[in-house]
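Below you'll find the structure, written out as structure tokens, and then a few comments.
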Amino acid sequence: MPRTARQRSSTDLYHVIARGINKEPIFKQKREKNNFIRLLLKHLKDRDIEIYAYVIMSTHFHILIRVDLKLLSSYLAIVLAEFAEYYNFKHNRNGHVFQDRFKSECVETPQYFWNCVRYIHMNPVHANIVKTPLNYNFSSLKEYQTGKSRIIHPKAINFYRSEFTGFKEFLDFHTKTQKQIFIDIPEEVEIQLIKAALNLLDQEAYLQGVERPEEILENLEMRRQYKEKLQKELKISKAKSERLYRRVKSCIIEK
């Protein structure tokens, strides 16, 4: 089956993710994370590439990057190949280290850009590894805090300083509720969808003037409107909205 061609971004900005084969924790140790960061930096040299955010988790990574689409593929190909060689040697194994090819999505607007930066930095918090994103050492957030770019491009610091009054405001921005659904490993996408659906339920309860969110689910007409909003605002199919509705209902019942 032929691979689907990657969508080209009009801004050359992409949110990229790749995960370990069979959900393996390929970045479990600090030196594995550090080695991957070293490879990202090594192959940035002499290439027209700008990284704006990154996080290295135990099973996968996220990068927000500005690059020509063809160069994106060649850059990540060499980084992932060198890391796979290192990982296989270190663990005395053979075969693939990353699952399939990397995933990418286009980042077309400033709002989506900043929400994507936030989502990337908040990954360790959402995974319950740390309570605050600043406590995680393998993301770009501390580069924003210090104003010293190592992996991220100096433009990233300039953009952040033109958008926020200071680092405190930037850090506060990370606590805001997200509405977009970003590419991620399947388990994390599901968590994003459930959180967004629960937030939408609270919003509907407020708009309908009801005291408790479960009242939306108990009323036939309000339930129908809620399902339609799930489909429209989260940009999912009718079948997926029905499945998500059932997950939301079970969450509400468990409360």
Side-chain angles (χ1 to χ4, degrees), residues 15-20 23-38 40 51-65 103 105 107 111-152 156-157 159-161 163-203 206 213 234 244 247-248 250-252 254-255:
H15 173 205
V16 175
I17 174 178
R19 76 181 301 179
K23 304 179 184 179
E24 286 185 20
I26 58 174
F27 305 114
K28 186 177 181 179
Q29 298 177 351
K30 288 182 179 179
R31 68 177 187 269
E32 290 165 345
K33 293 184 180 75
N34 283 326
N35 183 269
F36 188 73
I37 289 173
R38 182 185 63 80
L40 288 176
I51 291 178
Y52 288 86
Y54 66 87
V55 67
I56 317 298
M57 304 293 285
S58 62
T59 60
H60 65 287
F61 67 82
H62 292 263
I63 300 174
L64 179 56
I65 187 170
K103 296 180 181 179
E105 65 178 347
V107 178
Q111 181 187 31
Y112 201 81
F113 173 89
W114 288 114
N115 287 340
C116 189
V117 169
R118 172 176 60 191
Y119 180 73
I120 289 172
H121 289 158
M122 290 298 289
N123 249 244
V125 177
H126 295 155
N128 295 316
I129 297 172
V130 293
K131 290 186 177 180
T132 172
L134 262 183
N135 288 342
Y136 194 71
N137 293 324
F138 302 98
S139 85
S140 49
L141 186 56
K142 287 190 175 181
E143 293 187 44
Y144 281 99
Q145 182 190 30
T146 62
K148 297 177 181 178
S149 59
R150 180 191 176 203
I151 302 297
I152 62 174
I157 305 296
F159 286 166
Y160 137 71
R161 286 174 173 166
E163 184 72 16
F164 300 91
T165 57
F167 184 73
K168 184 181 183 304
E169 184 185 3
F170 186 50
L171 194 59
D172 288 344
F173 167 74
H174 283 70
T175 66
K176 306 297 182 184
T177 301
Q178 72 177 58
K179 293 185 178 180
Q180 288 96 344
I181 305 299
F182 297 94
I183 59 167
D184 208 322
I185 58 177
E187 302 93 315
E188 292 296 329
V189 171
E190 185 70 12
I191 290 171
Q192 288 184 71
L193 284 168
I194 292 170
K195 285 182 177 179
L198 287 168
N199 288 333
L200 190 58
L201 184 64
D202 288 338
Q203 180 182 312
Y206 175 78
L234 300 183
L244 185 57
R247 291 294 305 273
V248 167
S250 67
C251 289
I252 294 296
E254 287 172 3
K255 287 182 178 180

Are E163 and F113 close enough that some pair of their side-chain heavy atoms sits under 4.5 Å apart?
no
When you measure from the side chain of E32 to the backbone N and O of K28, does any donor-acceptor pair fall under 3.5 Å?
yes
W114 to Y160 - nearest heavy-atom pair and separation
CH2-CA, 3.5 Å
Mind listing the closest non-hydrogen atom pair of C251 and I194 along with its distance?
SG-CG2, 4.1 Å
Point-to-point distance, once rounded to the nearest 0.5 Å, from CD1 of I65 to CD1 of I152:
13.0 Å
Donor-acceptor pair, distance only, cut-off 3.5 Å: does the side chain of N199 make one with the backbone of K195?
yes
The reported gap from CD1 in I191 to NE2 in H126 (rounded to nearest 0.5 angstrom) is 9.5 Å
Donor-acceptor under 3.5 Å (K103 side chain, I17 main chain)
no
Tested for side-chain contact (heavy atoms from CB on, under 4.5 Å) against V248, the lone hit among L200, L198, L193 is L198
Quick check for you: to the nearest 0.5 Å, what is the distance between N35 atom CG and R31 atom CZ?
10.0 Å
Distance in Å, I26 CD1 paired with M57 CE, rounded so as to fall on 0.5 Å steps
12.5 Å
Between F138 and F36, is the ring centroid distance below 6.0 Å?
no
Rounded distance (nearest 0.5 Å) linking atom CZ of R19 with atom OG of S58:
10.0 Å
Over all heavy atoms of both residues, which pair between L134 and L141 is shortest? Give the atoms and the distance, please.
N-CD2, 3.8 Å
If the condition is side chain to side chain donor-acceptor pair (under 3.5 Å), which residues does S140 pass it with, not counting sequence neighbours?
H121
Identify the two heavy atoms, one from P133 and one from L171, that lie closest to each other, and give their separation to 0.1 Å.
CG-CD1, 4.2 Å
Taking the inter-plane angle between the rings of H15 and Y119 on a 0 to 90° scale, is it parallel (under 30°), tilted (30 to 60°) or perpendicular (over 60°)?
perpendicular
Checking N137 now: which residues fulfil side chain to side chain donor-acceptor pair (under 3.5 Å) with it, not counting sequence neighbours?
K142
Distance (rounded to the nearest 0.5 Å) between H174 NE2 and F170 CZ:
4.0 Å
Tell me, do F61 and I120 make a side-chain contact under 4.5 Å, heavy atoms counted?
no
Would you find a donor on one side and an acceptor on the other, under 3.5 Å apart, between the side chain of E24 and the backbone of G20?
no
Y144 and I157 have their tightest heavy-atom pair at CA-CD1, 4.0 Å
Partners passing side chain to side chain donor-acceptor pair (under 3.5 Å) against Y54 (at least two apart in sequence or in another chain):
E143
If you define the side chain from C-beta out and look only at heavy atoms, does anything of S149 sit under 4.5 Å from I51?
no
